[in-house]
Chemist: 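Structure below; questions to follow.
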2 protein chains.
Amino acid sequence: MAVKRRDQDAEQDRAQKRLRARAELAGFAKALGHPARVEIVRFLLARDSCMCGDLVDHLPLAQSTVSQHLRILKDAGLIEGTIDGPRVCYCVAPRALARFQGLVADLRPGPGLTDRECEV
Amino acid sequence: MAVKRRDQDAEQDRAQKRLRARAELAGFAKALGHPARVEIVRFLLARDSCMCGDLVDHLPLAQSTVSQHLRILKDAGLIEGTIDGPRVCYCVAPRALARFQGLVADLRPGPGLTDRECEV
DNA sequence: ATCGTCTATCGTGAATTAACGATAGAAGGG
DNA sequence: CCCTTCTATCGTTAATTCACGATAGACGAT
């Protein structure tokens, strides 16, 4: 009984973890679900380190629109911005990017899912 | 001159390739930018092979909504559906998934981008 | 042929997103 | 202090997304 309880708990734990992983992956993917935002991340990665509002020059979008895309990426945790004098310096968050890459790489055939109805 | 021309062409080629890669990655990411669609892909992967409308039982969503999510994933190329008698059998498209994983894995520091203004 | 089942599509409404211009706040230079 | 520059935010509009019920098409079974 005690064992069974632990099994249930463990199962519930795994379910919780799956739920979180799903939401996490969806959040990252959604943030990258726009060409401009993909380009922002690639641009920031191409520059060895951070970068400020050259993005506005680089992208054919209004400054406010770029700022909005930056906020979406920042909310998703994929980039970070630090104030640097009158400018802001953005760079990708390596841990978040690695996490995203790990979640995507984990999308492979195999178990890791039960039959129980899932919440979304 | 001819050499320079070839260089220009090559550069233009790379630019085109980047443009396509960006749109491709954004498209895949957008398709996975919803928890229900992430769950669909995971569910299809967990079952060894394809699966039909058990997804409707698995997900707490209306059948029409599930069908819509399936269409989005199919439009993105991430899954394929084949008619199997009165049902439809879905499975992930391995090549597309691998392509997506490759594009995501390629998001790493380094060159691969020029300074020229880009189109979005 | 008719029924029941399974799935896709249509039509709809609420919510979200994308883009912009305009405005406001912060910081440095004169 | 004032001005300029850089960035974030506000407000708006058009477009898209998400979810649903209702409907329609395909197919096997009866």
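When reading the values below, keep in mind they use all heavy atoms of this one structure, side chains included, and skip hydrogens, waters and symmetry mates. All figures in this text were calculated on a predicted structure; none of them were measured in a lab. Letters A, B, ... mirror the listed sequences (proteins, then strands); counts begin at 1.
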Chemist: Side chain of B:Arg37, backbone of B:Ala31: donor and acceptor closer than 3.5 Å?
Modeler: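 Yes: the side chain of B:Arg37 pairs with the backbone of B:Ala31.
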
Chemist: Just the rounded figure in Å: distance from P of C:dA26 to CG of A:Asp84.
Modeler: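 One finds 17 Å between P of C:dA26 and CG of A:Asp84, rounded.
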
Chemist: Work out which heavy atom in A:Leu61 is nearest to a heavy atom in A:Ala36; give both atom names and the distance.
Modeler: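 Reported closest heavy-atom pair: CD1-CB, 3.9 Å.
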
Chemist: Check the pair B:Asp106, B:Arg108 against side-chain contact (heavy atoms from CB on, under 4.5 Å), reporting the backbone distance first and the verdict last.
Modeler: CA-CA 6 Å; B:Asp106 274 349; B:Arg108 67 171 109 261; 3.7 Å; yes

Chemist: Please determine whether a side-chain nitrogen or oxygen atom of B:His69 lies at a distance below 4.0 Å from atom OP1 or OP2 of D:dA19.
Modeler: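 Checking B:His69 against D:dA19: at least one side-chain N or O falls below 4.0 Å of OP1 or OP2.
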
Chemist: Please report, rounded to the nearest Å, how far the P atom of D:dC18 is from the CG atom of B:Leu32.
Modeler: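 My rounded result for the distance is 12 Å.
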
Chemist: By the 4.0 Å heavy-atom rule, please label B:Ile83 as base, sugar-phosphate, or nothing.
Modeler: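 Touches nothing.
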
Chemist: Rounded to whole angstrom units, what separation is found between the CG atom of B:Leu73 and the C1' atom of D:dC18?
Modeler: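 From B:Leu73 CG to D:dC18 C1': 14 Å.
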
Chemist: Is the shortest side-chain N/O distance from A:Lys30 to OP1 or OP2 of C:dT16 below 4.0 Å?
Modeler: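 It does not, given that no N or O in the side chain of A:Lys30 lies less than 4.0 Å from OP1 or OP2 of C:dT16.
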
Chemist: What is the distance, to the nearest angstrom, from the CD1 atom on A:Ile72 to the C1' atom on D:dT7?
Modeler: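 Atom-to-atom, A:Ile72 to D:dT7, this comes out as 16 Å.
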
Chemist: Please give, in whole Å, the distance from D:dT7 P to A:His58 NE2?
Modeler: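 After rounding, the reported distance stands at 16 Å.
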
Chemist: Within the sub-3.5 Å range, which N or O atoms of nucleotides 7-13 of chain C have a protein N or O partner, and how far apart are they?
Modeler:
from	atom 1	to	atom 2	distance (Å)
C:dT7	OP1	B:Gly53	N	3.2
C:dT7	OP1	B:Val88	N	3.4
C:dA8	OP1	B:Tyr90	OH	2.3
C:dA8	OP2	B:Ser67	OG	3.0
C:dA8	N7	B:Gln63	NE2	2.8
C:dA8	N6	B:Gln63	OE1	3.1

Chemist: I'd like to know whether A:Val92 forms a side-chain contact (heavy atoms from CB on, under 4.5 Å) with A:Glu80, so could you lay out the CA-CA distance, the side-chain angles of the two residues, the decisive distance to 0.1 Å, and finally the verdict.
Modeler: CA-CA 6 Å; A:Val92 312; A:Glu80 295 164 358; over 6 Å; no

Chemist: Please work out whether the ring planes of B:His69 and B:His34 are parallel, tilted or perpendicular, with thresholds of 30° and 60°.
Modeler: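 Taking B:His34 first and then B:His69, their aromatic rings sit tilted (interplane angle of 30° to 60°).
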
Chemist: Say whether, by atom type as modelled, one donor and one acceptor occur between the side chain of A:Gln101 and the main chain of B:Leu107 under 3.5 angstrom.
Modeler: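 Checked: pair present.
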
Chemist: Return the value, rounded to whole Å, for the distance between atom CG of A:Asp57 and atom C1' of D:dT7.
Modeler: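 After rounding, the gap between these two atoms is 13 Å.
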
